[in-house]
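Take a look at the structure set out below.
For ligands, and for the atoms within them, numbers begin at 1 and follow the listed sequence. Predicted, not measured: the structure shown is a model, and the values here were computed from it.
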Amino acid sequence: MGEGWQAVDEYIAGKLLGADDALAAALANNAAKGLPPIDVSAAQGKMLFLLAQMAGAKRILEVGTLGGYSTIWLARALPDDGSLVTLELEPHHAAVARENFERAGVSGKIDLRVGRAADSLAAMGGDAPFDFAFIDADKQNNALYVDEAIRLGRSGMTIIVDNVVREGGVLEVDSDDERIVGTRALFDMLSADPRVDATAVQTVGAKKWDGFVLARVR
Ligand SMILES: C[S@@+](CC[C@H](N)C(=O)[O-])C[C@H]1O[C@@H](n2cnc3c(N)ncnc32)[C@H](O)[C@@H]1O
(Lines give C-alpha, C1' and ligand atoms only; values in the text may rest on other atoms or scores of the structure.)
Protein backbone atom coordinates (compact mmCIF):
# COMPACT_ATOMS: atom_id res chain seq x y z
CA MET A 1 0.00 0.00 0.00
CA GLY A 2 2.80 2.42 0.88
CA GLU A 3 4.26 2.10 -2.65
CA GLY A 4 0.88 3.08 -4.13
CA TRP A 5 0.67 6.09 -1.84
CA GLN A 6 4.15 7.20 -2.95
CA ALA A 7 3.28 6.70 -6.63
CA VAL A 8 0.07 8.73 -6.32
CA ASP A 9 1.97 11.53 -4.59
CA GLU A 10 4.43 11.52 -7.50
CA TYR A 11 1.51 11.64 -9.96
CA ILE A 12 -0.04 14.60 -8.10
CA ALA A 13 3.28 16.43 -7.97
CA GLY A 14 3.90 15.76 -11.67
CA LYS A 15 0.47 17.03 -12.69
CA LEU A 16 -0.10 19.94 -10.33
CA LEU A 17 3.20 21.17 -8.93
CA GLY A 18 5.76 21.16 -11.74
CA ALA A 19 9.52 21.47 -11.46
CA ASP A 20 10.78 23.84 -8.79
CA ASP A 21 14.52 24.46 -8.74
CA ALA A 22 14.64 26.29 -5.40
CA LEU A 23 12.66 23.64 -3.52
CA ALA A 24 14.60 20.79 -5.15
CA ALA A 25 17.85 22.55 -4.24
CA ALA A 26 16.64 22.99 -0.64
CA LEU A 27 15.95 19.26 -0.28
CA ALA A 28 19.30 18.39 -1.87
CA ASN A 29 21.11 20.81 0.44
CA ASN A 30 19.29 19.36 3.48
CA ALA A 31 20.40 15.85 2.51
CA ALA A 32 23.98 16.97 1.81
CA LYS A 33 24.18 18.64 5.23
CA GLY A 34 22.78 15.62 7.07
CA LEU A 35 19.31 16.90 7.96
CA PRO A 36 16.67 14.18 8.38
CA PRO A 37 14.13 13.93 5.50
CA ILE A 38 11.15 14.84 7.66
CA ASP A 39 9.95 17.89 5.73
CA VAL A 40 6.36 17.99 4.51
CA SER A 41 5.75 16.39 1.10
CA ALA A 42 5.54 18.51 -2.04
CA ALA A 43 1.75 18.12 -2.18
CA GLN A 44 1.49 19.11 1.49
CA GLY A 45 3.78 22.09 0.90
CA LYS A 46 1.51 23.31 -1.87
CA MET A 47 -1.50 22.78 0.39
CA LEU A 48 0.12 25.02 3.01
CA PHE A 49 0.82 27.61 0.31
CA LEU A 50 -2.79 27.53 -0.88
CA LEU A 51 -4.27 27.63 2.62
CA ALA A 52 -2.11 30.61 3.57
CA GLN A 53 -3.19 32.40 0.40
CA MET A 54 -6.85 31.53 1.00
CA ALA A 55 -6.51 32.95 4.51
CA GLY A 56 -5.05 36.15 3.04
CA ALA A 57 -2.14 35.72 5.45
CA LYS A 58 0.25 38.63 5.86
CA ARG A 59 1.88 37.38 9.08
CA ILE A 60 2.76 33.70 9.43
CA LEU A 61 4.16 31.81 12.42
CA GLU A 62 5.95 28.50 11.93
CA VAL A 63 7.18 26.24 14.74
CA GLY A 64 9.79 23.76 13.46
CA THR A 65 11.91 25.01 10.54
CA LEU A 66 14.30 22.12 9.78
CA GLY A 67 15.84 23.17 6.44
CA GLY A 68 13.00 25.53 5.64
CA TYR A 69 11.21 23.49 2.97
CA SER A 70 7.74 24.25 4.36
CA THR A 71 8.91 27.78 5.23
CA ILE A 72 9.71 28.50 1.57
CA TRP A 73 6.24 27.31 0.50
CA LEU A 74 4.63 29.54 3.14
CA ALA A 75 6.83 32.57 2.42
CA ARG A 76 5.84 32.39 -1.23
CA ALA A 77 2.19 32.73 -0.21
CA LEU A 78 2.84 36.11 1.41
CA PRO A 79 2.22 39.45 -0.25
CA ASP A 80 5.21 41.76 -0.79
CA ASP A 81 4.75 43.36 2.64
CA GLY A 82 4.15 40.04 4.41
CA SER A 83 6.42 38.40 6.97
CA LEU A 84 7.03 35.01 8.54
CA VAL A 85 8.56 34.10 11.90
CA THR A 86 9.94 30.55 12.06
CA LEU A 87 11.31 28.88 15.19
CA GLU A 88 14.04 26.21 15.26
CA LEU A 89 15.95 24.57 18.10
CA GLU A 90 18.99 23.27 16.23
CA PRO A 91 21.57 25.86 15.08
CA HIS A 92 22.75 23.55 12.27
CA HIS A 93 19.21 23.18 10.90
CA ALA A 94 18.81 26.94 11.09
CA ALA A 95 22.09 27.56 9.23
CA VAL A 96 21.04 25.22 6.40
CA ALA A 97 17.59 26.83 6.29
CA ARG A 98 19.17 30.28 5.89
CA GLU A 99 21.13 29.02 2.87
CA ASN A 100 17.93 27.62 1.39
CA PHE A 101 16.00 30.86 2.00
CA GLU A 102 18.74 32.86 0.29
CA ARG A 103 18.72 30.59 -2.76
CA ALA A 104 14.92 30.69 -2.95
CA GLY A 105 14.91 34.50 -2.75
CA VAL A 106 12.66 34.65 0.33
CA SER A 107 15.16 35.67 3.05
CA GLY A 108 13.79 39.19 3.23
CA LYS A 109 10.42 37.96 4.46
CA ILE A 110 11.70 35.48 7.03
CA ASP A 111 12.67 36.02 10.66
CA LEU A 112 14.29 32.76 11.83
CA ARG A 113 14.72 32.50 15.60
CA VAL A 114 16.98 29.82 17.07
CA GLY A 115 16.24 28.24 20.45
CA ARG A 116 13.52 26.28 22.20
CA ALA A 117 10.25 27.27 20.58
CA ALA A 118 8.58 27.49 24.00
CA ASP A 119 11.11 30.16 25.02
CA SER A 120 10.92 32.02 21.69
CA LEU A 121 7.13 32.07 21.87
CA ALA A 122 7.08 33.21 25.51
CA ALA A 123 9.25 36.18 24.51
CA MET A 124 6.87 37.20 21.72
CA GLY A 125 3.95 39.59 21.85
CA GLY A 126 3.15 43.17 21.07
CA ASP A 127 3.74 42.85 17.32
CA ALA A 128 0.97 42.63 14.74
CA PRO A 129 -1.01 39.42 15.33
CA PHE A 130 -0.43 36.36 13.19
CA ASP A 131 -2.98 35.31 10.56
CA PHE A 132 -1.69 31.77 10.08
CA ALA A 133 0.38 29.24 12.03
CA PHE A 134 2.02 25.97 11.00
CA ILE A 135 3.17 23.82 13.92
CA ASP A 136 5.62 21.03 13.09
CA ALA A 137 8.27 20.62 15.81
CA ASP A 138 8.50 18.47 18.97
CA LYS A 139 5.07 16.88 19.21
CA GLN A 140 5.08 16.67 23.01
CA ASN A 141 4.63 20.45 23.17
CA ASN A 142 1.86 20.75 20.57
CA ALA A 143 -0.82 21.88 23.04
CA LEU A 144 1.49 24.60 24.35
CA TYR A 145 2.33 25.74 20.82
CA VAL A 146 -1.34 25.97 19.85
CA ASP A 147 -2.07 27.90 23.04
CA GLU A 148 0.74 30.34 22.23
CA ALA A 149 -0.35 30.63 18.58
CA ILE A 150 -3.84 31.60 19.75
CA ARG A 151 -2.35 34.18 22.13
CA LEU A 152 -0.28 35.67 19.31
CA GLY A 153 -2.95 35.38 16.60
CA ARG A 154 -6.03 37.27 15.52
CA SER A 155 -9.63 36.21 15.48
CA GLY A 156 -10.04 34.15 12.31
CA MET A 157 -6.47 32.85 12.42
CA THR A 158 -5.78 29.50 10.72
CA ILE A 159 -3.71 26.94 12.65
CA ILE A 160 -2.31 23.74 11.11
CA VAL A 161 -0.60 21.10 13.27
CA ASP A 162 1.23 18.34 11.41
CA ASN A 163 1.65 14.64 12.24
CA VAL A 164 -1.35 14.13 14.49
CA VAL A 165 -2.30 10.61 13.35
CA ARG A 166 1.10 8.87 13.51
CA GLU A 167 0.03 5.71 11.67
CA GLY A 168 -2.88 5.34 14.06
CA GLY A 169 -0.68 5.77 17.15
CA VAL A 170 -2.97 8.57 18.29
CA LEU A 171 -5.39 5.86 19.48
CA GLU A 172 -2.89 4.37 21.94
CA VAL A 173 -4.29 5.45 25.29
CA ASP A 174 -1.39 4.09 27.34
CA SER A 175 1.43 4.90 24.93
CA ASP A 176 4.79 5.69 26.45
CA ASP A 177 5.80 7.52 23.23
CA GLU A 178 5.86 11.13 24.34
CA ARG A 179 4.97 12.27 20.80
CA ILE A 180 1.73 10.29 21.01
CA VAL A 181 1.08 11.51 24.55
CA GLY A 182 1.61 15.07 23.28
CA THR A 183 -0.67 14.51 20.31
CA ARG A 184 -3.44 13.17 22.52
CA ALA A 185 -2.98 16.16 24.84
CA LEU A 186 -3.46 18.40 21.80
CA PHE A 187 -6.76 16.70 20.94
CA ASP A 188 -7.88 16.97 24.58
CA MET A 189 -7.06 20.66 24.56
CA LEU A 190 -8.81 21.35 21.25
CA SER A 191 -11.92 19.42 22.30
CA ALA A 192 -12.32 21.65 25.36
CA ASP A 193 -11.00 25.02 24.19
CA PRO A 194 -13.78 27.53 23.46
CA ARG A 195 -11.36 29.78 21.51
CA VAL A 196 -11.06 27.48 18.47
CA ASP A 197 -13.04 25.36 16.01
CA ALA A 198 -10.98 22.38 14.90
CA THR A 199 -10.97 19.20 12.88
CA ALA A 200 -8.30 16.71 11.84
CA VAL A 201 -7.81 15.09 8.45
CA GLN A 202 -6.04 11.76 7.91
CA THR A 203 -3.60 11.59 5.02
CA VAL A 204 -1.61 8.93 3.17
CA GLY A 205 1.19 9.57 0.72
CA ALA A 206 4.94 9.92 0.57
CA LYS A 207 4.88 10.56 4.32
CA LYS A 208 2.92 7.35 4.99
CA TRP A 209 -0.28 7.37 7.09
CA ASP A 210 -0.55 10.53 9.11
CA GLY A 211 -2.71 13.64 9.27
CA PHE A 212 -3.04 17.23 10.33
CA VAL A 213 -5.20 19.37 12.57
CA LEU A 214 -6.92 22.32 10.93
CA ALA A 215 -8.21 24.91 13.37
CA ARG A 216 -9.69 28.39 13.18
CA VAL A 217 -9.51 30.84 16.05
CA ARG A 218 -12.95 32.24 16.83
C1 LIG B 1 9.52 17.88 11.31
S2 LIG B 1 10.84 18.99 11.39
C3 LIG B 1 10.17 20.44 10.60
C4 LIG B 1 9.96 20.25 9.15
C5 LIG B 1 9.61 21.51 8.40
N6 LIG B 1 8.43 22.13 8.97
C7 LIG B 1 9.34 21.19 6.94
O8 LIG B 1 8.27 20.65 6.64
O9 LIG B 1 10.21 21.48 6.10
C10 LIG B 1 10.86 19.46 13.08
C11 LIG B 1 11.90 20.50 13.44
O12 LIG B 1 11.57 20.98 14.75
C13 LIG B 1 12.78 21.19 15.44
N14 LIG B 1 12.51 21.17 16.89
C15 LIG B 1 12.44 20.09 17.70
N16 LIG B 1 12.20 20.47 18.97
C17 LIG B 1 12.11 21.82 18.94
C18 LIG B 1 11.90 22.80 19.94
N19 LIG B 1 11.72 22.46 21.23
N20 LIG B 1 11.88 24.10 19.57
C21 LIG B 1 12.06 24.44 18.27
N22 LIG B 1 12.27 23.56 17.28
C23 LIG B 1 12.31 22.27 17.62
C24 LIG B 1 13.69 20.08 14.97
O25 LIG B 1 15.05 20.41 15.21
C26 LIG B 1 13.32 19.98 13.50
O27 LIG B 1 14.18 20.76 12.72
Side-chain angles (χ1 to χ4, degrees), residues 9 13 17 20 22-52 60-77 84-101 103-104 106-107 110-124 130 132-149 152 158-167 169 177-183 185-186 203 205-208 210-214:
D9 251 359
L17 276 66
D20 192 312
L23 288 170
L27 292 180
N29 193 33
N30 290 354
K33 304 280 168 58
L35 271 56
I38 52 174
D39 351 64
V40 296
S41 71
Q44 290 166 344
K46 182 139 185 203
M47 183 192 77
L48 292 172
F49 166 85
L50 290 169
L51 287 172
I60 296 177
L61 171 67
E62 180 180 61
V63 183
T65 317
L66 191 64
Y69 181 79
S70 56
T71 324
I72 293 170
W73 274 110
L74 287 167
R76 287 175 171 178
L84 186 159
V85 177
T86 185
L87 310 177
E88 174 54 50
L89 175 67
E90 298 291 340
H92 178 56
H93 295 182
V96 175
R98 287 189 208 284
E99 295 170 1
N100 293 335
F101 298 155
R103 193 183 299 102
V106 294
S107 297
I110 296 173
D111 174 358
L112 169 54
R113 301 183 187 181
V114 182
R116 290 177 64 240
D119 297 336
S120 300
L121 288 163
M124 290 164 68
F130 291 103
F132 190 99
F134 177 53
I135 296 171
D136 186 23
D138 51 325
K139 311 305 174 183
Q140 46 273 43
N141 280 317
N142 270 343
L144 170 71
Y145 296 154
V146 169
D147 185 58
E148 285 288 60
L152 296 166
T158 303
I159 302 175
I160 311 279
V161 188
D162 203 12
N163 308 124
V164 300
V165 173
R166 316 201 68 82
E167 304 211 329
D177 180 336
E178 57 186 9
R179 295 166 302 180
I180 289 174
V181 174
T183 302
L186 171 67
T203 55
K207 302 294 169 174
K208 301 185 183 164
D210 213 324
F212 60 90
V213 155
L214 173 64

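The shortest N or O to N or O distance between S70 and ligand 1 is under 3.5 Å. Inclusion of G64 in the set of residues having an N or O under 3.5 Å from an N or O of ligand 1 is warranted.
Residue K207 is tested with V40, I38, D39, D9 for a side chain to side chain contact (heavy atoms under 4.5 Å, CB included); the sole match is D39.
Counting only heavy atoms of the protein, atom 8 (O) of ligand 1 lies nearest to V40 N, 2.8 Å. Regarding atom 23 (C) of ligand 1, its nearest protein heavy-atom neighbour is L89 CB, 3.5 Å. Of the protein's non-hydrogen atoms, A117 N, 2.9 Å is the one closest to atom 20 (N) of ligand 1.
Contact detail for A26 and I72: the closest heavy-atom pair is CB-CD1, 4.1 Å. Nearest heavy-atom pair, R103 versus A25, reported as atom, atom and distance to 0.1 Å: CD-CB, 3.5 Å. Nearest approach of L74 to E62, heavy atoms of both residues: CD1-OE2, 3.9 Å. Nearest heavy-atom pair, L87 versus S120, reported as atom, atom and distance to 0.1 Å: CD2-CB, 3.8 Å.
Residue nearest to atom 18 (C) of ligand 1, selected from V63, D138, I38: D138 (by heavy-atom distance). Closest heavy-atom approach to atom 26 (C) of ligand 1 among the candidates E90, Q44, E88: E88. Nearest to atom 10 (C) of ligand 1 by heavy-atom distance, out of L144, L66, D136, is D136.
Assignment of G115 to the shell around ligand 1 is supported, since a heavy atom sits closer than 4.0 Å.
A salt bridge links D111 with R113: the distance from a Lys NZ or Arg NE/NH1/NH2 to an Asp or Glu carboxylate oxygen falls below 4.0 Å. Salt-bridge check for R76 with D20: passed, with a basic side-chain N closer than 4.0 Å to an acidic carboxylate O.
Using a 4.0 Å cut-off between heavy atoms, H93 contacts ligand 1 through its side chain alone, with no backbone atom that close. Only backbone heavy atoms of T65 (N, CA, C or O) come within less than 4.0 Å of ligand 1; its side chain stays farther off. If you look at Y145 next to ligand 1, the close heavy atoms, those under 4.0 Å, all belong to the side chain.
Under a 4.0 Å criterion applied to the non-hydrogen atoms of R116, ligand 1 contributes the atoms 20 (N). Every atom of ligand 1 is numbered from 1 in the order shown, and the set under 4.0 Å from a heavy atom of D39 is 7 (C), 8 (O), 9 (O).
Separating the CZ atom in F134 from the CD1 atom in I159 is a distance of 13.0 Å, to the nearest 0.5 Å. Considering CD of Q140 and CG of D177, their distance stands at 8.5 Å, rounded to 0.5 Å.
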